[in-house]
Amino acid sequence: MDIAEAIYHRKSIRAFRPDAVPPEMLKEIMELALRAPSWANTQPWEFAIVGGRKLEEIRRAYIEKAEELPNPDLAFPREFPEPFDTRRRAVGRKLFEILGIGREDREKRRWWYLQGLRLFEATSAIYIYIDRSFYLQGDSLNAWPIFDCGLIAENIMLLATKFGLGTVPQIQAVVYPDVLRKILGIPDSKLIVLGIAIGYPSWDDPVNQFHSEREPLDKVATWYGFD
Ligand SMILES: Cc1cc2nc3c(=O)[nH]c(=O)nc-3n(C[C@H](O)[C@H](O)[C@H](O)COP(=O)(O)O)c2cc1C
């Protein structure tokens, strides 16, 4: 699979088969993903790569906490100004449509929320974290390590696509960082940025038929000096 194909085929997968991903495959993905660029090659990322019983333990603890408010190390956006709110809502609306979940169906909506907390039953997860001291600097925030984590996260997801795996980057995977710190032994000096659920896609599941849209290039790019 070439890079264009991987970019074209990657999409968020939200239903997984129960067969486990071999750790050697995850290792190959991670070793190549490490070639991602970063600010002055600082390579601010660290990873917890989790499967099997450990991941089950996290799922269980997350479900036990599900009534508590999310408390991620990197706060949710406080608001979504336009046009971002419209785009965000479109994803939710279409996903619920595919899932056959009505606006008023609180029970099914709750079930779907809990599925997210369970990483959509993915057999593995990759948690990305950084050193707190590189992000929180006095009274200012250094956003660049987060940016670099985004670069490596995309590498991971594209490589996973090449191996026939599915992924979904998930803020929901890191909404209870205290649980992850406790179960995985991640120290307080680290900020947990994002989780990537990873596994073999369950292609029969309708939710995986969903294909999110993009704004056309002309709407987001302005060309200069090519006339
Ligand atoms: C930082 C980040 C956090 C995300 N968190 C979640 C999440 O918690 N749950 C989820 O279902 N999808 C999550 N997503 C996936 C986005 O909804 C998805 O990437 C977007 O709708 C575009 O769809 P695509 O990935 O299928 O192209 C997240 C994506 C990113 C980049």
Side-chain angles (χ1 to χ4, degrees), residues 3-16 33 36 44-45 47 55 58-59 62-63 65-66 68-78 80 83-99 101 108-122 125-130 135 141 143-162 165-177 179-180 191-199 201-203 205-217 220:
I3 189 74
E5 265 181 288
I7 291 171
Y8 183 77
H9 287 294
R10 185 218 60 83
K11 64 176 185 174
S12 291
I13 291 298
R14 296 184 177 90
F16 293 89
W45 43 67
F47 307 93
L55 195 55
I58 292 171
R59 276 194 248 274
Y62 262 48
I63 294 301
K65 259 188 175 292
E68 288 182 28
L69 283 178
N71 186 30
D73 285 346
L74 297 179
F76 287 2
R78 278 200 207 148
F80 292 86
F84 314 113
D85 197 43
T86 300
R87 293 177 191 161
R88 172 180 81 106
R89 285 176 188 281
V91 169
R93 196 176 51 246
K94 284 179 190 151
L95 267 176
F96 281 138
E97 221 173 86
I98 283 184
L99 288 159
I101 302 179
K108 273 201 184 150
R109 281 180 178 243
R110 185 72 188 153
W111 165 79
W112 183 244
Y113 176 76
L114 295 179
Q115 278 301 100
L117 284 186
R118 295 183 55 81
L119 297 118
F120 304 110
E121 314 296 345
I126 298 167
Y127 298 92
I128 308 179
Y129 52 95
I130 59 172
Y135 175 64
L141 296 180
W144 296 105
I146 310 293
F147 179 90
D148 295 343
C149 285
L151 298 177
I152 200 158
E154 178 70 339
N155 268 5
I156 293 168
M157 293 187 285
L158 292 179
L159 285 160
T161 306
K162 169 186 147 82
L165 299 173
T167 56
V168 56
Q170 263 196 297
I171 185 65
Q172 225 190 339
V174 297
V175 286
Y176 301 124
V179 166
L180 302 174
L191 281 179
I192 305 175
V193 177
L194 190 72
I196 301 175
I198 182 164
S202 173
W203 288 118
D205 198 297
V207 77
N208 286 337
Q209 310 311 313
F210 175 60
H211 209 79
S212 61
E213 288 174 6
R214 294 295 185 273
E215 298 295 334
L217 180 62
V220 295

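In each ligand, atom 1 is the first atom listed, and ligand 1 is the first ligand listed.
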Checklist entry - Quick one: does Gln170's side chain have a donor or acceptor within less than 3.5 Å of a partner on Gly116's backbone? => result yes
Next on the checklist: Looking at ligand 1, would Arg10 count as a contact under a 4.0 Å heavy-atom criterion?
Outcome noted: yes
Checklist entry - What protein heavy atom sits nearest atom 21 (O) of ligand 1, and how far off is it? => result Val91 CG2, 3.8 Å
Item to check | For atom 12 (N) of ligand 1, the option (of Gln170, Gln172, Arg14) bearing the nearest heavy atom | outcome: Arg14
Checklist entry - When the ring planes of His211 and Tyr8 are compared, do they come out parallel, tilted or perpendicular, using 30° and 60° as the limits? => result tilted
Checklist entry - Of the non-hydrogen atoms in Leu180 and Ala173, which two are nearest, and what is the gap between them? => result CD1-O, 3.7 Å
Item to check | Residue Lys11 excluded, over 12 heavy atoms near NZ under 6.0 Å | outcome: yes
Item to check | Option whose closest heavy atom lies nearest to atom 30 (C) of ligand 1, chosen from Gly92, Pro169, Ala197 | outcome: Pro169
Next on the checklist: Using a 3.5 Å distance criterion without hydrogens, assess whether the side chain of Asn208 forms a donor-acceptor pair with backbone atoms of Ile13.
Outcome noted: no
Checklist entry - If you count the atoms of ligand 1 from 1 in the order shown, which ones are under 4.0 Å from a heavy atom of Lys11? => result 26 (O)
Checklist outcome for this item: Short version for Phe120: what comes under 4.0 Å of ligand 1, heavy atoms counted, is side chain
Item to check | Heavy-atom nearest neighbour in the protein, as seen from atom 18 (C) of ligand 1, with distance rounded to 0.1 Å | outcome: Ser12 OG, 3.6 Å
Checklist entry - Between Ser212 and ligand 1, which residue portion shows a heavy-atom distance shorter than 4.0 Å: side chain, backbone, both, or neither? => result side chain
Checklist entry - Which atoms form the tightest heavy-atom contact between Val174 and Tyr127, and what is the distance? => result CG1-CD2, 4.0 Å
Next on the checklist: So if I count the atoms of ligand 1 from 1 in the order they appear, which ones are less than 4.0 Å from some heavy atom of Val168?
Outcome noted: 12 (N)
Checklist entry - Quick one: does ligand 1 sit under 4.0 Å from the side chain of Arg214, the backbone, both or neither, non-hydrogen atoms only? => result side chain
Item to check | More than 12 heavy atoms from other groups under 6.0 Å of CG on Leu69 | outcome: no
Next on the checklist: Given Leu194, Val174, Ile171, identify the one with the heavy atom nearest to atom 1 (C) of ligand 1.
Outcome noted: Leu194
Checklist entry - How close do Asp148 and Trp45 get, heavy atom to heavy atom, and via which atoms? => result O-CZ3, 3.5 Å
